[in-house]
Amino acid sequence: MTDVPVYRPAEGEIRVEGLTKHFKTVRAVDDLTFTVAPGRVTGFLGPNGAGKTTTLRLLLGLATPDAGTATIGGIAYDRRPRPAHHVGAALESASVHPGRTARDHLRVYAPEVGVTDGRCDEVLAMVGLTAAANRRVGGFSMGMRQRLALAATLLGDPQVLLLDEPANGLDPEGIVWLRQFLRYLAEQGRTVLVSSHVLSEVEQTVDDVVIIASGRLVRACSLRDLEAQARPAVRLRSPDAPGLARLIEQAGWTVDAESPTTVVIHDQSQETVGRLAFHHGLEVHDLSAAGTSLESLFLELTHPGAQS
């Protein structure tokens with residue numbers, strides 16, 4: 001008799017199976033199942049009220065599921081003896097005393113995590129807040145508060161990071177910094193799960209996506225696979241209507257005509273269309289993307305009508 005191999009999750013693997021949570025008559029999370037792999041940045045996406053924060057709270061043992069399990073490395077968060085050394089979490093609702101300095105805020109948590117005050121300075125440096133270490137948090141911008149929250153998650157040097165809307169309040173420079181920092185953490189082999197209600201906010205950062213709506217799983221795949229589902233199209237406008245017709249006929253493209261001089265060419269890139277137009281000497285007045293963007297696809301997938 002051949003032994004059936006026992007599944008052993010990786011140390012940083014997040015595994016959600018059949019997770020369900022009701023709040024009175026509201027089903028916030030509905031039979032949700034997905035996995036998140038180490039060494040990658042995963043976007044946990046869905047519109048406001050989709051159940052993202054509730055799922056993160058269930059993962060952290062801050063709420064009790066009605067059914068299903070949520071584990072990290074095969075173990076529930078609240079069963080780990082030193083959880084902050086395995087999982088760092090920053091939820092959107094986390095509060096900061098406005099009268100404390102950034103360093104003192106972290107020093108409050110240091111004994112709970114089991115690290116020295118020196119580690120507080122290390123993580124402040126990691127998130128670019130060394131110069132603000134002695135400033136009171138009450139004077140911080142939203143973006144600086146987000147960096148401080150991220151610093152707190154790193155105190156225990158965790159394998160897994162759960163970040164709820166970390167780009168909220170960041171200016172463009174801060175968003176670029178966050179993207180680079182999350183990629184750096186993933187390249188170290190950490191598991192990074194980032195929630196957001198706006199796909200465009202994280203699409204330049206993530207490797208994988210888990211999309212939910214109304215507490216249910218809509219799609220779990222790599223970003224590349226999601227991009228493949230967004231149908232490309234190109235709008236081409238030329239004053240040379242006969243030349244435009246010949247180009248389309250010879251190329252055999254699928255086309256919708258908006259006018260005798262403007263067409264939308266499906267399933268082609270701007271580069272392909274532009275190259276062929278140049279080859280045929282076609283005068284072009286407009287060549288622009290007209291396909292389904294990732295954000296449009298995301299809105300289509302999470303629209304209430306798509307869940308019925």
Side-chain angles (χ1 to χ4, degrees), residues 41 43-44 48-49 52-63 72 77-78 80 82-186 188 190-198 201-202 205-206:
V41 180
F44 188 35
N48 287 326
K52 302 185 300 296
T53 299
T54 299
T55 302
L56 295 179
R57 289 178 61 82
L58 291 167
L59 266 168
L60 293 169
L62 299 175
I72 300 170
Y77 177 87
D78 55 8
R80 289 186 175 274
R82 301 174 71 198
H85 288 268
H86 297 276
V87 183
L91 300 188
E92 193 176 31
S93 59
S95 60
V96 181
H97 193 290
R100 291 197 183 114
T101 66
R103 179 182 286 112
D104 285 343
H105 171 72
L106 297 179
R107 290 176 65 192
V108 169
Y109 292 102
E112 298 178 18
V113 175
V115 296
T116 65
D117 288 353
R119 178 61 179 169
C120 298
D121 290 325
E122 289 177 8
V123 295
L124 285 171
M126 290 174 70
V127 302
L129 286 180
T130 296
N134 294 317
R135 286 179 53 187
R136 296 186 187 278
V137 178
F140 277 16
S141 66
M142 177 63 76
M144 293 176 71
R145 287 172 180 254
Q146 291 289 70
R147 290 191 185 219
L148 182 58
L150 183 54
T153 71
L154 295 169
L155 279 172
D157 195 21
Q159 167 71 23
V160 177
L161 291 170
L162 307 178
L163 307 176
D164 195 9
E165 306 277 0
N168 184 31
L170 293 180
D171 59 18
E173 182 181 355
I175 290 173
V176 171
W177 170 84
L178 179 66
R179 288 171 182 161
Q180 295 173 342
F181 191 64
L182 295 182
R183 289 249 49 90
Y184 164 74
L185 293 173
Q188 292 181 324
R190 303 180 203 249
T191 307
V192 183
L193 182 64
V194 183
S195 81
S196 178
H197 63 281
V198 182
E201 192 174 67
V202 298
T205 307
V206 304

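Quantities reported herein were computed from a predicted structural model and do not represent experimental measurements. Atom set for the values below is all heavy atoms of this structure, side chains included, hydrogens, waters and symmetry mates excluded.
A 4.5 Å side-chain heavy-atom check between His85 and Arg80 finds every atom pair outside the cut-off. Under the 4.5 Å side-chain criterion, counting only non-hydrogen atoms from C-beta, Leu162 is not in contact with Leu91. Annotation: side chain of Val87 is in contact with side chain of Leu60 (closest heavy-atom distance under 4.5 Å). Looking at heavy atoms from C-beta onward, Tyr77 lies out of side-chain contact with His86 at the 4.5 angstrom threshold. Contact of the Tyr109 side chain with the Leu155 side chain is registered, since non-hydrogen atoms from C-beta on lie closer than 4.5 Å.
Applying the side-chain hydrogen bond (donor to acceptor under 3.5 Å, both in side chains) rule to pairs touching residues 146-160 yields Asp157-Arg190, sequence neighbours excluded.
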Show me the side-chain donor-acceptor pairs of residues 129-142 shorter than 3.5 Å, one per line, residues at least two apart or across chains.
residue	atom	partner	partner atom	Å
Asn134	OD1	Arg103	NH1	2.4
Arg135	NH2	Gly139	O	3.4
Arg136	NH1	Gly99	O	2.3
Ser141	OG	Met144	N	3.2

Can Leu56 and Leu193 be said to form a side chain to side chain contact (heavy atoms under 4.5 Å, CB included), step by step?
CA-CA 10 Å; Leu56 295 179; Leu193 182 64; 3.9 Å; yes
Full working for side chain to side chain contact (heavy atoms under 4.5 Å, CB included) between Val127 and Leu148:
CA-CA 7 Å; Val127 302; Leu148 182 58; over 6 Å; no
Take Phe44 and Val194 through the side chain to side chain contact (heavy atoms under 4.5 Å, CB included) test and state the conclusion after the steps.
CA-CA 6 Å; Phe44 188 35; Val194 183; over 6 Å; no
Begin from the C-alpha positions of Leu161 and Leu154 and carry the test side chain to side chain contact (heavy atoms under 4.5 Å, CB included) through to its verdict.
CA-CA 8 Å; Leu161 291 170; Leu154 295 169; 4.0 Å; yes
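The two residues Leu124 and Ala102 make their nearest non-hydrogen contact at CD2-CB, 4.2 Å. Between Ala84 and Pro158, the shortest heavy-atom distance links the atoms O-CB, 3.9 Å. For the pair Glu201 and Arg179, the tightest heavy-atom approach, listed with the atom from each and the gap, is O-NH2, 4.2 Å. Here the closest heavy-atom approach between residue Val202 and residue Ser196 is recorded as CG1-CB, 3.9 Å. The two residues Gly156 and Val115 have their closest heavy-atom pair at CA-CG1, 4.5 Å. Of all heavy-atom pairs between Pro166 and Leu170, the closest is O-CD1, 3.7 Å.
Ser195 places a side-chain N or O within 3.5 Å of a backbone atom of Glu165 that can act as its donor or acceptor partner.
Remark: the Tyr184 side chain and the Gln180 side chain contain no N/O donor-acceptor pair separated by less than 3.5 Å.
Applying the side chain to side chain contact (heavy atoms under 4.5 Å, CB included) criterion to His97, with sequence neighbours excluded, gives Arg100.
Among Asp117, Asp121, Thr101, the one residue that satisfies the side-chain contact (heavy atoms from CB on, under 4.5 Å) test with Arg107 is Asp117. No option in Val41, Val192, Leu178 other than Val41 meets the side-chain contact (heavy atoms from CB on, under 4.5 Å) test with Arg183.
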